[in-house]
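What follows is a set of notes on a single structure, which appears directly below.
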Protein chains: 2
Amino acid sequence: MIDYAQMLKERGLKATFQRMNILSVVDKYGHMSVDDIYAEVCKVHPSLSLATIYKNIILMMEKGVLVEVPIVGKKSKYELAKADHMHLICTECGMVEDKICGEKTDTIFQDISKKEHFNLHKRQVNLYGVCEKCQMKEAS
Amino acid sequence: MIDYAQMLKERGLKATFQRMNILSVVDKYGHMSVDDIYAEVCKVHPSLSLATIYKNIILMMEKGVLVEVPIVGKKSKYELAKADHMHLICTECGMVEDKICGEKTDTIFQDISKKEHFNLHKRQVNLYGVCEKCQMKEAS
DNA sequence: CTTCATGCAAATAATTTGCAGTAAG
DNA sequence: CTTACTGCAAATTATTTGCATGAAG
């Protein structure tokens, strides 16, 4: 169980009800768009404003709590900042699943960066395809 | 030299002046946002409409001529469809550079997909960091 | 208490749409 | 000629901002 309040205070942000809930639903569902977050948090806090979501997402990204996951053909999703990983993205249902990268890819990326004199900060690997569930549906 | 007219006709699209120019500037500069394209093509075709750019980008993506490159914290860029590759993206100046992936990463991605019963269609690898030029600037 | 965060409403930016006129084949 | 494409203007959607009120520490 993650302590969202502490997570926020450590970065100098007040632990408001709204922020706690944003973190909690992002944590629960893994990857959410602005609208997903809004819809979900509204269930427990109906007077929530979209502007608050936008302001907080930007703020929490600056503070390194949230990370943007831009996706081909859709609005970005957001996830909690965590160890580097790749995404399997289903182009049918929109599902996003985390997968740990492993050292091998890591080494490859670092070698390339070194060769190009590129100061690498962050990797982003997205694999687009059709997930097992959607393959089932299509077959039927 | 790429024959843009043929490229378009092969996919059942008319080879208009606008489309030829969009392809030509994207080809020339490698990676461009909607606004970049608009600004550039306007130089040779001042009466161009932004709506035309949007319509054509969508159309050409459907026909597999253009590919979207979504980027953290910015508007997407577009590139000509070509062999799989990764992107080095400079977070200072916005530069995007192509790099060929190599078989090693390819194999890793396919293995993971197989293990997850994921039907892989498309890879997207973006490495974010600071390019050589911007490192120079910072140092000075 | 004091400061920072929220929610609203209004402003701005980004994208899409409908349609009459125009150009490609 | 005929169909598809463009450009405009209007509509829609997405995001940002300013400010008065309210909550956190």
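Convention: sequence-line order gives letters A, B, ...; per-chain numbering from 1.
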OP1 or OP2 of [N] versus the side-chain N and O atoms of [X]: is any pair under 4.0 Å?
X: B:His45; N: D:dG7; answer: yes
X: A:Arg19; N: D:dA24; answer: no
X: B:Thr16; N: D:dT6; answer: yes

Quick note, B:Ala51 side chain, CB onward, closest among D:dC5, D:dG25, D:dC8 is D:dC8
Expressed in angstrom and rounded to an integer, what is the separation of [X] atom [atom1] from [N] atom [atom2]?
X: A:Phe17; N: D:dA23; atom1: CZ; atom2: C1'; value: 13 Å
X: B:Met20; N: D:dC5; atom1: CE; atom2: P; value: 14 Å
X: B:Lys14; N: D:dT2; atom1: NZ; atom2: P; value: 13 Å
X: B:Leu13; N: D:dT6; atom1: CG; atom2: C1'; value: 14 Å
X: B:Met60; N: D:dC5; atom1: CE; atom2: C1'; value: 11 Å
X: B:Lys75; N: D:dA14; atom1: NZ; atom2: C1'; value: 11 Å
X: B:Lys63; N: D:dC5; atom1: NZ; atom2: C1'; value: 14 Å
X: B:Tyr54; N: D:dT12; atom1: OH; atom2: P; value: 18 Å

I'd like to know if B:Lys55 reaches the base of D:dT6 with its side chain such that a donor and an acceptor end up less than 3.5 angstrom apart.
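For B:Lys55, whose side chain was compared with the base of D:dT6, there is no donor-acceptor pair (under 3.5 Å).
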Can a side-chain donor-acceptor contact be found between B:Glu68 and B:Ser76 if the only test is distance below 3.5 angstrom?
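A pair is found: one side chain offers a donor N or O, the other an acceptor, under 3.5 Å apart.
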Do you see a donor-acceptor pair shorter than 3.5 Å between the side chains of A:Ser24 and A:Asn21?
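Side-chain D/A pair, A:Ser24 to A:Asn21: absent.
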Taking C-beta and beyond as the side chain, do B:Met136 and B:Glu132 meet within less than 4.5 Å on heavy atoms?
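In contact.
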Could you tell me if the side chain of B:Phe109 sits less than 4.5 Å from the side chain of A:Val125, heavy atoms only?
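In short, these two side chains touch, coming nearer than 4.5 Å.
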Is the number of heavy atoms from other residues, nucleotides or ligands under 6.0 Å of A:Lys74 NZ greater than 12?
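More than 12 heavy atoms, drawn from other residues, nucleotides or ligands, come within 6.0 Å of this atom.
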Taking the six-membered ring for Trp and the single ring otherwise, decide whether the centroids of B:His31 and B:Tyr78 are under 6.0 Å apart.
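So the answer is no for these two rings.
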Can you give the first and last nucleotides of DNA chain C, 5' to 3', that have an atom under 4.0 Å from a heavy atom of chain B?
C:dA14 to C:dG25
Other than A:Ile71, which residues form its hydrophobic cluster under the rule that side-chain heavy atoms must be closer than 4.5 Å?
A:Val69, A:Val72, A:Ile89, A:Val96, A:Tyr128
Pair A:His87, A:Glu79 - check side chain to side chain donor-acceptor pair (under 3.5 Å), show working.
CA-CA 11 Å; A:His87 295 117; A:Glu79 64 183 7; 2.9 Å; yes
Using five pairs at either end of the helix from C:dC1-D:dG25 to C:dG25-D:dC1, determine the angle between the two local helix axes and round it to 10 degrees.
50°
N-O pairing of A:Lys82 and A:Asp98 below 4.0 Å
yes
Taking any heavy-atom pair under 4.0 Å as a contact, classify B:Thr52: base, sugar-phosphate, or nothing.
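Base, at least one base heavy atom under 4.0 Å.
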